[in-house]
Enquirer: 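Shown below is the structure under consideration.
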Amino acid sequence: MQDHPFQGPAYDADALRAKYRAERDKRLRRDGAGQYLDATGEFNHFTDDPYVAPGFTRDAVTEDVDVLVVGGGFGGLLTAAKLCDRGIRSFRIVEQAGDFGGTWYWNRYPGVRCDIEAYIYMPLLEEVGTVPTEKYATGAEIFAHAQAVGRHYGLYDHALFQTKVERLEWDEAAARWTVTTDRGDRIRARFVSVSQGPLAKVKLPGIPGIRSFKGRIFHSSRWDYDYTGGDASGGQVKLADKRVAIIGTGATAVQIVPRLAEHAMQLLVFQRTPSAIEVRNNRPTDAAWLQAQPKGWQRRRMENFLSILNGRPQAENLVGDHWTDLWERMGALMAQGQGRLSPPQAMQQADFEKMEQIRARVTATLGEGETAEALKPWYNFLCKRPLFSDDYLPAFQRPNVTLVDTGGRGVEAMTPTGVCVDGREYPVDCVIFATGFDVGAPAHKVGGYQVVGRGGRSIQDKWQGGLRCLHGTMFSGFPNFHVVGGAEQGTTAFNFTHTLDIQATHAAEIIHYGLRNGVAALEPTPEAEERWLEQVEAKHVDHEHFYEECTPGFLNNEGAFKDRPTYVGGTYGGGPLEYEAVITGWRAERLAVDMDIRPLGRTAP
Ligand code: NDP
């Protein structure tokens with residue numbers, strides 16, 4: 001047992017570390033992120049939209065607008081809302097799906113909910129007047145709120161749905177982006193803001209034999225309710241005579257499994273790495289409490305949450321959830337240790353304690369058997385997305401549910417009739433991939449379109465060999481172009497919509513500046529990009545050691561984490577709130593200095 005100078009922990013820290021490493025090593029594989037397949041080409045059908053009637057057609061649009069917004073998820077909605085707030089109404093939103101909502105449009109699987117408190121996750125609650133019914137909202141409720149945002153700001157009149165942007169090309173002479181789509185549209189826009197979302201690019205497991213399976217097969221983000229019956233709240237009664245395999249045990253699967261368990265004749269859960277399952281702690285909203293909140297409450301609550309997660313103690317923990325309690329515990333340990341524990345040491349101790357509780361919960365629910373043992377996660381809490389569920393673990397008590405643990409190796413093969421692990425075939429009628437998304441991919445890659453800037457340079461080229469950008473959102477050589485949701489040298493947060501809000505404001509403010517001042521083109525100077533990189537490097541926080549010890553996953557690039565600001569994972573190290581303060585200050589003081597601003601008629605340098 002490790003010796004501590006104060007209140008000794010009830011676990012052996014060294015043994016835990018060794019166990020964590022051993023479990024990580026089981027899961028490491030040579031092909032890293034290359035193990036996954038894109039849902040393109042022969043796998044394209046995995047991303048067909050099951051929620052629209054087939055055969056949609058419309059006339060092609062030819063038009064000239066001030067702003068083109070690519071994407072109608074919360075990033076695009078926030079950008080459009082902020083343009084409206086600034087009196088800009090000449091814009092077009094192009095969205096591949098049949099409606100607004102982004103990830104909440106696509107992810108309608110049974111049990112879908114958000115793990116971040118609705119009062120801080122659902123943007124523009126005060127503006128739109130939505131009152132979430134529960135602390136953790138269902139996907140359907142969040143999707144309905146996205147639609148409400150669309151109606152509130154009159155955005156439906158601006159939207160082209162079921163439309164994919166194919167190419168964005170900067171026309172220097174006209175100082176316009178020329179945008180073409182798969183529906184033959186030709187849109188010219190002075191400004192472009194793209195918002196693809198981190199969960200838009202479906203990832204399939206490269207399992208040998210995946211092509212051969214003859215039963216029903218689909219990805220969790222394109223749920224086949226015709227096949228399963230029911231809806232997102234449950235009722236998958238058509239599975240009563242079906243053997244169902246779900247591959248993956250991440251955030252998505254943990255929500256799906258309890259619903260399938262209720263109805264499938266047999267449910268086989270194929271696990272590679274167990275998830276850490278915290279208590280859900282959901283409760284109905286006290287509408288009177290919410291309505292009595294003073295104006296600006298949502299913003300204050302959002303900031304309170306991110307402040308705590310950024311290690312800035314607050315007088316009150318407004319959200320009071322299982323994210324914030326980890327940091328609160330760290331603070332308490334540091335106070336208790338009276339300076340003898342550094343923040344990383346205190347965080348590690350808080351983490352060990354939390355994970356011990358999580359593992360104890362598995363035993364409390366399922367006893368001591370093989371299944372319980374296999375469901376215990378052995379890694380630090382923040383190595384993977386922590387999950388919150390009260391019905392996932394109990395699902396394994398049901399006789400029709402079997403955990404097939406693959407010992408960190410993953411599914412071995414698929415055959416025309418089933419799924420194989422350790423040389424044994426498990427015959428099934430249906431396979432559901434809950435295998436996630438290509439989370440770190442840049443916007444243009446997710447969107448699958450070409451972006452061609454000044455001088456015919458593609459954004460792919462710009463991205464090669466060490467990205468240069470300003471604030472993670474703007475690029476020299478790409479005038480009047482913004483990314484909302486830019487994490488690389490930008491920012492991100494567990495409450496992702498908060499960072500979308502910050503960057504949507506940034507884009508809208510700069511676009512407003514350009515339009516108000518009759519600017520033809522503005523883009524960061526290469527010098528400004530270099531200075532920003534220096535700023536990011538100066539703020540660099542070394543996560544490399546932490547992530548190296550983690551079990552592989554998308555957060556550590558499948559075990560090959562490159563924690564450098566020029567690579568994925570290099571967000572601004574001061575955290576999102578400091579990032580916001582920096583870019584807000586920059587707009588006030590340096591916009592005219594750091595941007596090459598060209599009035600109409602002047603050509604590019
Ligand atoms: P994840 O990437 O989190 O999980 C994918 C799962 O598939 C993992 O369990 C992975 O195992 C498993 N897997 C991949 N390949 C294989 C294989 N060959 N054999 C067996 N298993 C395999 O995807 P999710 O869709 O679950 O979640 C993605 C993200 O979506 C989350 O991290 C979160 O950001 C977001 N989300 C958020 C929710 C919310 O409430 N806010 C709810 C749902 C999703 P392994 O762990 O070993 O890689």
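Worth knowing before you read on, the calculation uses all heavy atoms, side chains too, and leaves out hydrogens, waters and symmetry mates. Both ligands and their constituent atoms are indexed starting at 1 by order of listing.
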Enquirer: Applying the ring pair (Phe, Tyr, Trp, His ring centres under 6.0 Å) test to Trp223, which of Phe218, Tyr109, Tyr51 qualifies?
Expert: Phe218
Enquirer: Distance check, rounded to the nearest 0.5 Å: Tyr119 atom OH versus Leu318 atom CG?
Expert: 12.5 Å
Enquirer: Tyr105 ring centre to Arg108 NZ or CZ under 6.0 Å, with the angle to the axis within 45°?
Expert: yes
Enquirer: Whether Lys203 engages the ring of Tyr36 as a cation-pi pair (distance to the six-membered ring centre under 6.0 angstrom, angle to the ring normal within 45°) should be assessed.
Expert: yes
Enquirer: With Arg280 as the cation and Tyr136 as the aromatic partner, state whether NZ or CZ is under 6.0 Å from the six-membered ring centre and within 45° of the axis.
Expert: yes
Enquirer: Charged N to carboxylate O under 4.0 angstrom, Arg361 versus Glu278?
Expert: no
Enquirer: Return the protein residues near ligand 1 (heavy atom under 4.0 Å from any of its atoms), ordered by chain and residue number.
Expert: Arg27, Tyr36, Tyr109, Arg113, Cys114, Asp115, Leu199, Pro205, Ile207, Ile247, Gly248, Thr249, Gly250, Ala251, Thr252, Gln255, Arg272, Thr273, Lys384, Arg385, Gly410, Val411, Ala434, Thr435, Gly436, Phe437, Phe554
